[in-house]
2 protein chains.
Amino acid sequence: MFTVAEENYIKAVYHLQQQQEMVSTNALSAELQTRPASVTDMLKKLKTKRIISYEPYHGVKLSSEGKKVALGIIRKHRLWEYFLVDKLQFGWDEVHEVAEELEHISSTKLVDKLDAFLGYPKFDPHGDPIPDSKGRLASQQQELLSGIPISKTVEITAVGSQSSELLELLKHKGLQMGTRLEVKKIFDFDGSLELKIKNQQVVTISRDLASVLFVKPV
Amino acid sequence: MFTVAEENYIKAVYHLQQQQEMVSTNALSAELQTRPASVTDMLKKLKTKRIISYEPYHGVKLSSEGKKVALGIIRKHRLWEYFLVDKLQFGWDEVHEVAEELEHISSTKLVDKLDAFLGYPKFDPHGDPIPDSKGRLASQQQELLSGIPISKTVEITAVGSQSSELLELLKHKGLQMGTRLEVKKIFDFDGSLELKIKNQQVVTISRDLASVLFVKPV
DNA sequence: ATTTATTTTTAGACAAACCTAAAAAATAAA
DNA sequence: TTTATTTTTTAGGTTTGTCTAAAAATAAAT
Ligand SMILES: [Mn+2]
Ligand SMILES: [Mn+2]
Ligand SMILES: [Mn+2]
Ligand SMILES: [Mn+2]
């Protein structure tokens with residue numbers, strides 16, 4: 001139905017649309033590491049396929065058909081990430097590139113059987129929601145740890161970055177997806193936080209770290 | 001390193017070489033469903049990449065480097081087939097096309113972790129050997145069931161066709177990979193065989209079926 | 001309201017992988 | 001050993017997805 005290149009564009013438009021309704025040629029160019037001229041070419045093509053609405057110079061957005069396609073690709077991407085981490089013991093900093101390839105395997109039977117095999121997970125290893133077979137996303141009322149008041153118990157639900165540096169730091173501090181904790185103190189000087197991890201010790205983390213960790217009340 | 005198209009050609013040359021040392025342009029054309037002219041183009045390209053030795057009009061064969069590459073692709077293909085059947089409950093008549101895509105996922109880490117996850121299987125669901133991480137193939141001294149003498153106990157090791165029609169027939173007769181049986185009688189009139197399946201009933205199969213089933217003595 | 005800077009599109013090319021039609025080489029038949 | 005048939009290659013095109021360089025449109029600054 002769609003080529004790998006087309007799928008990557010569709011997914012990129014979807015992701016950029018989370019930030020702002022209308023997506024610019026330059027934003028896509030940056031996201032996909034291609035030149036703006038190439039983006040323009042592809043946008044024309046996707047328009048004729050009715051995947052996007054696009055008027056020259058005025059940006060682009062996904063049609064409802066386009067959204068469906070995007071969610072299908074994202075579903076595959078995140079299910080494969082889950083598989084890699086949960087079954088093959090990859091670290092969550094290593095899975096993105098591989099999933100970037102696996103997401104283009106076309107068989108829907110494969111995706112659905114994989115989903116079942118994994119036990120219909122709702123969130124991928126980075127805490128991002130996995131669309132179900134109908135494209136529905138579970139939503140979580142999550143917020144940044146940096147905005148949580150003192151002495152409220154929360155659970156880590158997602159990370160705002162997927163770098164190995166972040167993973168290294170989290171491992172060192174004893175934090176991971178699902179960890180429950182309570183903010184004990186916030187230091188005005190540098191914004192650092194003291195956290196009490198459920199059933200474990202107290203750790204100190206930087207403001208930088210707190211502002212890439214999403215949590216939900218528990 | 002190699003494009004999907006290149007990999008498909010390399011694999012095709014490997015497979016055709018099992019039949020005859022030198023592979024013809026037309027044979028590749030038939031195998032890959034492309035025109036001979038396209039094959040010629042690709043052969044020139046693969047020659048400059050030192051993957052094959054090729055002289056115009058005189059056929060083609062893999063270099064030692066080419067063999068390594070081919071075995072790597074076949075390893076991925078068969079490991080994925082095993083995964084699909086063993087973990088995702090696909091029938092072995094459904095896995096080939098999907099594996100045809102999955103075999104091109106490049107990460108070697110993925111392949112090796114998949115191999116470990118599956119328990120280092122030696123044979124794929126069709127009974128074909130899976131190359132190990134160094135490209136080594138397990139060999140079996142297998143022969144066609146149609147050539148087995150009466151009252152010798154053998155085990156089904158492989159199938160010579162991967163069609164769903166064959167699978168349907170095998171299922172119906174209660175035969176599958178690993179089934180042990182003994183040839184009770186061979187009818188000269190039509191070459192049909194009467195088999196006693198270990199711990200089960202006696203079944204009759206056609207000569208056509210017997211000549212696509214590989215077995216080994218046990 | 002012009003001028004300047006940025007963004008986006010057009011124009012023209014290129015590599016990859018395919019195609020058809022025609023020419024050339026190799027093989028088989030007469 | 002000619003002639004006919006088959007196989008393979010060459011020549012010239014097409015589509016997809018990319019690029020650079022230049023033009024056009026939009027946005028920002030004076
Ligand atoms: Mn991708
Ligand atoms: Mn993810
Ligand atoms: Mn393939
Ligand atoms: Mn197989």
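Chain identifiers are assigned alphabetically (A, B, ...) following the order of the sequence lines, protein sequences preceding nucleic acid strands; residue numbering begins at 1 within each chain. For clarity, every value in this text was computed on a predicted model and none was experimentally measured.
- No donor-acceptor pair under 3.5 Å is formed between the side chain of Glu7(B) and the backbone N or O of Ile73(B).
- Between Tyr9(A) and dT18(D) there is a side-chain N or O to OP1 or OP2 distance below 4.0 Å.
- Atom NZ of Lys44(A) and atom C1' of dT10(C) are 7 Å apart (whole Å).
- When rounded to the nearest whole Å, the span between CG of Asp41(A) and C1' of dT8(C) equals 12 Å.
- Using a 4.0 Å heavy-atom distance criterion, Thr34(B) is classed as a sugar-phosphate-only contact.
- For Arg35(B) and dT20(C), the shortest distance from a side-chain N or O to OP1 or OP2 is below 4.0 Å.
- The partner of dA30(C), taking Watson-Crick or G-U wobble pairs whose two distances both stay under 3.5 Å, is dT1(D).
- When heavy atoms are screened at a 4.0 angstrom cut-off, Pro36(B) is found touching base atoms of the nucleic acid.
- Heavy-atom nearest nucleotides on DNA chain D were determined for Pro56(A) and for Glu55(B), and the one closer to the 5' end corresponds to Glu55(B).
- Within the structure, a side-chain polar atom (N or O) of Tyr54(A) is placed less than 4.0 Å from OP1 or OP2 of dT9(C).
- Among the protein residues, Thr40(B) comes within range of the nucleic acid bases, having at least one heavy atom under 4.0 Å from a base atom.
- Heavy atoms of Thr25(A) sit under 4.0 angstrom from primed sugar atoms or phosphate atoms, though from no base atom.
- For dT6(D), neither phosphate oxygen OP1 nor OP2 lies less than 4.0 angstrom from any side-chain nitrogen or oxygen of Asn26(B).
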